[in-house]
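Below: one structure, written as structure tokens.
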Amino acid sequence: MTFSLFGFSSLRQRLWAFAQMGLARPSLSATRDLGFFKLMGTGAGAGFSTKPNFGVYTLLAEWPSLAIARERIRSARSLDGYRRTADRMATVYLEPVSTRGRWDGHEFDVGPNPPAQRMPLVAMTRASIRPSRLIRFWRRVPAISDAVDREPAKSFMIGTGEIPWVHQVTFSLWQSAEDMERFARDSATHGEAVRRAYQDDWFSEYCFTRFNLLSIEGQWEGLTALAETTHTPSAAPEGNSTPDTRPEAARLAAAH
């Protein structure tokens with residue numbers, strides 16, 4: 001899987017990126033080897049805001065393998081416009097470790113023998129908020145955003161989503177599972193919001209997935225330093241007569 005971020009600064013660039021939220025979907029759907037995908041916008045600040053950020057967009061995508069993911073992110077025609085137009089771009093390559101729930105009815109596949117969790121831990125939460133609960137949910141968001149900004153244990157966090165205010169996605173990197181769980185459970189803002197969400201049935205659909213971080217390509221504040229310390233073995237090019245068919249976890253373990 002991949003999670004890509006695209007940054008746009010000028011008005012012309014931002015108008016182009018906003019238009020792609022509708023225009024790019026057919027070409028993305030036709031991209032070879034691309035399975036489940038979501039093209040998403042972000043909120044202001046760290047992404048947790050009722051005010052949209054027209055300068056940052058994200059793309060979550062499922063691919064058959066790490067090698068194919070790298071090749072398509074670098075060369076797929078459906079992403080040509082993003083590569084040409086964006087001021088900055090980064091892609092995080094991911095390996096699913098565990099998941100619960102569904103996203104638009106889709107369940108991420110971790111396989112019968114999921115890999116062991118390694119650090120840094122990547123967590124992604126997606127919630128579809130019931131319309132009757134929107135005001136109660138978003139009333140709590142500013143305080144949660146402030147808590148995220150102050151949280152020292154996170155390596156990176158951004159809020160994104162398909163439909164403003166209704167669909168909320170949190171993508172974050174943590175140096176330990178204990179730190180992530182403490183923030184999710186015990187923080188005065190986020191922890192309380194999570195408890196209320198479950199108690200009062202705020203979400204019509206919910207998905208929480210953990211990943212191993214395989215690699216990071218590109219430049220993005222908060223991710224660049226991680227990219228310099230995260231490395232994976234080079235993927236065999238497509239068409240190799242003797243491809244390495246071991247699971248990603250086994251290849252990574254053999255490389256260290």
Side-chain angles (χ1 to χ4, degrees), residues 1-7 20 24-40 57-84 86 88-99 103-104 106-111 113-118 120-124 126 156 158 160 162 169 171-173 207 209-220 223-224 226-256:
M1 288 190 64
T2 56
F3 182 80
S4 299
L5 301 101
F6 310 97
Q20 295 310 301
R25 297 180 193 277
S27 59
L28 285 169
S29 297
T31 301
R32 193 172 66 148
D33 299 312
L34 177 57
F36 179 83
F37 74 90
K38 289 293 178 181
L39 184 61
M40 300 176 284
Y57 294 84
T58 67
L59 173 66
L60 176 74
E62 274 192 323
W63 309 93
S65 70
L66 176 61
I68 290 174
R70 282 175 166 159
E71 175 60 28
R72 298 293 178 264
I73 291 296
R74 293 170 182 169
S75 64
R77 293 185 61 184
S78 56
L79 295 175
D80 279 350
Y82 286 92
R83 287 189 290 264
R84 289 195 307 265
R88 55 191 174 125
M89 173 180 170
T91 295
V92 184
Y93 294 86
L94 304 164
E95 175 185 49
V97 172
S98 65
T99 188
W103 185 334
D104 268 358
H106 178 78
E107 186 172 355
F108 295 112
D109 182 19
V110 298
N113 298 300
Q117 181 74 68
R118 297 189 308 277
L121 179 154
V122 182
M124 185 175 65
R126 189 265 191 179
F156 178 81
I158 190 170
T160 183
E162 312 108 285
V169 178
F171 181 89
S172 57
L173 283 76
C207 181
T209 307
R210 294 187 184 188
F211 303 89
N212 284 328
L213 173 62
L214 300 182
S215 65
I216 301 171
E217 293 179 352
Q219 300 291 318
W220 202 274
L223 290 177
T224 303
L226 282 170
E228 294 171 353
T229 59
T230 303
H231 61 280
T232 57
S234 300
E238 292 181 71
N240 190 308
S241 59
T242 57
D244 188 344
T245 59
R246 292 175 296 169
E248 295 291 353
R251 294 201 293 273
L252 290 167
H256 292 280

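Computed over heavy atoms, backbone and side chain alike; hydrogens, waters and symmetry mates excluded. None of the values given here were measured: they were computed from a predicted structure.
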Just how far is it from atom [atom1] of [X] to atom [atom2] of [Y], taken to the nearest 0.5 Å?
X      : Y      : atom1 : atom2 : value
Met40  : Leu59  : CE    : CG    : 7.5 Å
Leu79  : Leu34  : CG    : CG    : 8.5 Å
Tyr93  : Arg70  : OH    : CZ    : 6.5 Å
Glu217 : Arg74  : CD    : CZ    : 4.0 Å
Ser65  : Asp33  : OG    : CG    : 7.5 Å
Arg210 : Met124 : CZ    : CE    : 13.5 Å

For a quick test of reading the model, state the closest non-hydrogen atom pair linking [X] to [Y] and the distance between them.
X      : Y      : answer
Met1   : Leu60  : CE-CD1, 3.4 Å
Leu223 : Ala90  : CD1-CB, 4.5 Å
Glu62  : Phe108 : OE2-CD2, 3.2 Å
Pro96  : Val110 : CB-CG1, 3.8 Å
Val97  : Pro114 : O-CB, 3.4 Å

Practice prompt. Begin from the C-alpha positions of Glu71 and Trp63 and carry the test side-chain hydrogen bond (donor to acceptor under 3.5 Å, both in side chains) through to its verdict.
Written response: CA-CA 10 Å; Glu71 175 60 28; Trp63 309 93; over 6 Å; no
If we only count heavy atoms from C-beta on, is the [X] to [Y] side-chain gap below 4.5 Å?
X      : Y      : value
Glu162 : Asp104 : yes
Leu214 : Arg118 : yes
Trp103 : Val169 : yes
Phe211 : Phe3   : no
Phe171 : Val122 : yes

Item to complete: May I ask you to check whether Thr2 and Arg72 show a side-chain donor-acceptor distance below 3.5 Å?
Response: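 There is no such pair between these side chains.
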Practice prompt. Go through the side-chain N and O atoms of Ser78 and Ser27 and say whether any donor and acceptor fall under 3.5 Å apart.
Written response: no
Worksheet item: Quick check: does any side chain N or O of Asn212 sit under 3.5 Å from a backbone N or O of Glu95, one acting as donor and the other as acceptor?
Response: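 Answer holds: no.
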Discussion item. Using a 6.0 Å cut-off, check whether atom CZ of Arg83 has over 12 heavy atoms from anything other than its own residue.
Written reply: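 For Arg83, atom CZ is crowded (more than 12 foreign heavy atoms under 6.0 Å).
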Worksheet item: So Tyr82 and Phe6, would you call those rings parallel, tilted or perpendicular, with 30° and 60° as cut-offs?
Response: tilted
